[in-house]
Amino acid sequence: MEKTKRFLLSEKEIPEQWYNIVPDMKNKPMPILHPGTKQALKPEDLYPIFAEAVADQELNQTDRWIAIPSEVRDQYKHYRATPLVRAYSLEKALDTPAHIYFKNESVSPVGSHKLNSALAQAYYCKQEGLTHITTETGAGQWGTALSYATKAFGLDLTVYMVKISYEQKPYRRSLMQTWGAKVIPSPSNTTKAGQKTLSETPDYQGSLGTAISEAIEVAMQTPNCKYTLGSVLNHVTLHQTIIGLEAEKQMALAGEYPDIVIGCFGGGSNFGGLSFPFLRHTLTEGRKTRFITAEPASCPKLTRGIFQYDFGDEAGYTPLLPMFTLGHTFTPANIHAGGLRYHGAGTIVSQLLKDGLVEAVDIRQLDSFTAGVLFAQTEGIVPAPESAHAIAATINEALKAKEEGTPKTILFNLSGHGLIDMSAYEQYLSGKLQNYALSDEDIAKNTDKLEKII
Ligand SMILES: *Cc1c(COP(=O)(O)O)cnc(C)c1O
């Protein structure tokens, strides 16, 4: 019989609702707190920063299903449904009995899953009558996605881009400018947070934490302007569940159900987006599936961080979030998987990890690129350095399945392609890339500084 390689859905089969996992969780995430009063925040408290609709979604613990606005679905049709692909060639190269599937989010016009939430957030800002939004970007994936989305819905966008990425990834910057965004390297002189950082460390290369502080400051001071975030928060992961809901239908077309679901982990949105729709069957029907996050060994909040209330940004402008964290003052090494250089983890995944419902593994930089190159040589797609972490974790599980002689079904998320990250591959191929080791003292330096609220 001829083998099916790609499992495809028609436009009509694009899901009409996102899935909110919180109503199905026995232990809900702990509340997010006002940093001054330590009181639990209500949606209204978030309105000054975020679009009201997404602030409501952020704290929604009752509605399992949230309708996707038809304007957003129309935009999704530019690239969705994305293919589910059986990685036969990778399986063969590994000589594994495992069945490996991947959801290919790299086919979006911006090259990553980030567009799924960018379109939703831009739509809600427009609906609310805003004219301008701000954001930050690390490697440039979120800024790129939001540039596309703000152009689609007719809004102005200012992006604070981590300075090292601004210099290392000029093509992402150009992509954002092509879609009409204003891009400013962070730290910058345009905000108080940026000026403070520059006065303390004039040659600071920037971090997501600083860039978030700058973008929030501008949003709070500009009329008709709000801030958006591309990871970490619950509403972002909610929008990303379109990935897992499609994958669920596509796995059914393949006649399989995953034993293991894997995603790389920055703040948790692509991992949660793929895994929560499957996790719902674990929570409500007791299905046995393992859910594995793959994070960089140089930024190991899930495998080596602490569970504590912490700020989402470096300057401490955000509310306090209950999460696994390395401390908001932690500066990750300059690995090429820029989207994974973040000190904390989303509150839902943090709670799920605490409850033993998800697992975490850490991947060293060189191992991620070895896996990425093998994937390119077998399945043909050059993965984003971030996604290569999920591939490395998948390969480890497939090799374990071979050792044990068990035909596991593994599903991972290809969160993006790496065609704009070729300078990273160039360094890997010429032997210039390194691993970064963190001692327990390195980690304690920042986590010890956190106020012990729990
Ligand atoms: C941003 C990004 C990530 C990490 O963010 P999550 O919210 O953890 O998904 C992973 N892969 C790619 C391609 C990204 O752009």
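Counting starts at 1 for both ligands and their atoms, in listed order.
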Discussion item. Suppose we screen for side-chain hydrogen bond (donor to acceptor under 3.5 Å, both in side chains). Which residues come up paired with Tyr309, at least two apart in sequence or across chains?
Written reply: none
Practice prompt. Kindly write out the residues that satisfy side-chain hydrogen bond (donor to acceptor under 3.5 Å, both in side chains) with Arg73, not counting sequence neighbours, or none if the list is empty.
Written response: none
Using a 3.5 Å cut-off on N/O to N/O, what pairs does ligand 1 make with the protein? A line per pair would be great.
unit_1: ligand 1; atom_1: 7 (O); unit_2: Ser231; atom_2: OG; d: 2.6
unit_1: ligand 1; atom_1: 7 (O); unit_2: Ser269; atom_2: N; d: 2.9
unit_1: ligand 1; atom_1: 7 (O); unit_2: Ser269; atom_2: OG; d: 2.7
unit_1: ligand 1; atom_1: 8 (O); unit_2: Gly266; atom_2: N; d: 2.7
unit_1: ligand 1; atom_1: 8 (O); unit_2: Gly267; atom_2: N; d: 3.0
unit_1: ligand 1; atom_1: 8 (O); unit_2: Gly268; atom_2: N; d: 2.9
unit_1: ligand 1; atom_1: 9 (O); unit_2: His113; atom_2: NE2; d: 3.2
unit_1: ligand 1; atom_1: 9 (O); unit_2: Ser269; atom_2: OG; d: 3.3
unit_1: ligand 1; atom_1: 9 (O); unit_2: Asn270; atom_2: N; d: 2.8
unit_1: ligand 1; atom_1: 9 (O); unit_2: Asn270; atom_2: ND2; d: 2.7
unit_1: ligand 1; atom_1: 11 (N); unit_2: Ser415; atom_2: OG; d: 2.7
unit_1: ligand 1; atom_1: 15 (O); unit_2: Lys114; atom_2: NZ; d: 2.7

Discussion item. How long is the straight-line distance from OG1 of Thr331 back to CG of Asn334, given to the nearest 0.5 Å?
Written reply: 9.5 Å
Item to complete: For residues Phe102 and Phe375, establish whether the separation of their ring centroids is below 6.0 Å.
Response: yes
Discussion item. Could you check whether His328 and Phe311 have their ring centres less than 6.0 Å apart?
Written reply: yes
N/O donor to acceptor pairs below 3.5 angstrom from side-chain atoms of residues 160-168, sequence neighbours left out:
unit_1: Tyr160; atom_1: OH; unit_2: Thr190; atom_2: OG1; d: 2.8
unit_1: Ser165; atom_1: OG; unit_2: Gly138; atom_2: O; d: 2.8

